[in-house]
Amino acid sequence: MKTNKKKIINDPVFGFITIQSEFIYDLIEHPFLQRLRRIKQLGLSSIVFPGVNHTRFEHAIGAVHLMRLAISGLVMKGVEITDEEAEAVTAAILLHDIGHGPFSHALEHSLVEGISHEVISLLLMEELNRQFNGRLEMAIRIFKNEYPKKFLHQLVASQLDVDRLDYLRRDSFFSGVTEGTIGSDRIIKMLNVRNDGLVIEHKGIYSIEKFLISRRLMYWQVYLHKTVLSAENMLVKVLRRAKELVMQGHGLFATPALQVFLERKITKECFTKPVYANQENILELFVELDDSDLISAMKQWQHHEDKILSYLSGAVINRKLFRIKIQNTPFSDKEITELRNKIIDRWTMDKNELDYFLIHDSITNFAYASGSDKINILMKDGSVREINEASDVNLSSLLQTVRKYFVCYPKELDIK
């Protein structure tokens, strides 16, 4: 029996989404994509926003929908996009986040070294290309910006790509932060191409201004929310402590895939080399990891005899998070030293263990970076101008990188 692969998906954000390509349907059905159902889009943000439980799978489907709308709109305006190119750029956006690990960025800062989720995404795309007999060659070239039509890459990865158009609207919807709501439909309808680059027609300029402001507000209110920041930094410390213990020979509960990432130093090179005699490799083990591996592990680790691991794991699982303070200027050496001494006195711990209980770093936020990857406006006279030049609103503040400094420490230190 032949399966009907032209499915309709009911999405809470965009309504009914039609999967028009049988090949795209086959990619969606692949275990690499189905794994994204088990990885939350915003990691631990549900600690603050209870409704934020949507996954990277939903985001990928939403991005596919917006990509098809963008392609249709451009073709109607006379932009030459073949059916093969349309399918390839849709596959590229579908797979753009396939390399994310459990809780998104936490794994990149703890269990692996020197490799980003973008690189892992490309490795998985290349593996899928082998499995689908070269069907993803064009999609990979577009993803890597090696395809002659550069505007196709801009639809996948730029400062105004369909990735951002979906996640801003989706994250705003599920978090309830209405400041992140953007006019994605209007932005897509205003897309055009000039000199092989994406442009926004002049009458869509206000939608772009709103898009940039919304992105800035979503970062401060959701993505860099101070409580989420505390939780995610604590999760990184949990994984580092677990890895340290396992590499010292201590036994820890973990799924088989997670065990390998805990007991070995995993670098970029490991993703292309066999680990065991049976030819399993790190890439194959990576796609077995999802949020449930870490949740189930931390539920057990909170009862471990190692006081640091048990304390941190229990704190993340039960939302007993570190106090966090954020300010516009760096914390002084005196302030950090005082916190260090308080922690050492209270828990009589070794100075080497202090970093697990005192976290200080900085965060940055910028809505728009004026450079080679510009948002260009197609003016009424046919000329093309960058958004900050074309807008009658002063966007200078959005061009500046705002840096803030934070320090996290156990709330017990506040108890006199």
I'd like to know if the side chain of [X] and the backbone of [Y] have a donor-acceptor N/O pair within less than 3.5 Å.
X	Y	value
Asn53	Pro50	yes
Gln159	Ala369	yes
Lys40	Val52	no
Lys149	Ile142	no
Ser313	Leu309	yes
Lys150	Asn195	no
Ser21	Phe23	yes
Asn129	Arg135	yes
Tyr368	Ile375	yes

Within a reach of under 6.0 Å around [atom1] of [X], are more than 12 heavy atoms found that belong to other residues, nucleotides or ligands?
X	atom1	value
Phe331	CZ	yes
Lys210	NZ	yes
Gln327	CD	yes

[X] to [Y] - nearest heavy-atom pair and separation:
X	Y	answer
Asp293	Leu258	O-CD2, 3.9 Å
Leu289	Pro102	CB-CG, 3.8 Å
Ala86	Ile71	O-CD1, 3.7 Å
Ile182	Leu168	CD1-CB, 4.1 Å
Pro148	Arg141	CD-NH2, 3.6 Å
Leu27	Ala91	CD1-CB, 3.9 Å

Report task. Give the ring-plane orientation class for Tyr311 versus Phe322, where under 30° counts as parallel, over 60° as perpendicular and anything between as tilted. Result ->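 The arrangement is tilted - the two ring planes meet at 30° to 60°.
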A side-chain contact here means heavy atoms from C-beta on lying under 4.5 Å apart; do [X] and [Y] qualify?
X	Y	result
Tyr409	Ile336	no
Leu155	Ile93	no
Asn365	Tyr223	no
Ile47	Leu321	yes
Gln302	Asn318	yes
Ile200	Leu191	yes
Thr181	Ser214	no
Gln259	Val246	yes

Please check if any side-chain donor atom of [X] sits under 3.5 Å from a side-chain acceptor atom of [Y], or the reverse.
X	Y	value
Glu269	Thr267	yes
Asp171	His59	no
Glu84	Thr82	no
Gln41	Arg170	no
Thr55	Glu58	yes
His96	Asp163	yes

Could you state the interatomic distance from [atom1] ([X]) to [atom2] ([Y]), rounded to the nearest 0.5 Å?
X	Y	atom1	atom2	answer
Ile19	Ile28	CD1	CD1	4.0 Å
Trp301	Arg241	CH2	CZ	12.0 Å
Leu69	Ile188	CG	CD1	5.5 Å

Report task. Take Lys7 and Glu29, measure what salt bridge (charged side-chain N to carboxylate O under 4.0 Å, His left out) needs, and give me the verdict at the end. Result -> CA-CA 12 Å; Lys7 300 292 185 179; Glu29 288 290 280; over 6 Å; no
Requested in this report: Show your reasoning for whether ring pair (Phe, Tyr, Trp, His ring centres under 6.0 Å) applies to Phe173 and His54.
Outcome: CA-CA 10 Å; Phe173 177 89; His54 57 298; 8.8 Å; no
Report summary line: Exactly one candidate in Val75, Val193, Val89 meets side-chain contact (heavy atoms from CB on, under 4.5 Å) with Ile81; the answer is Val75
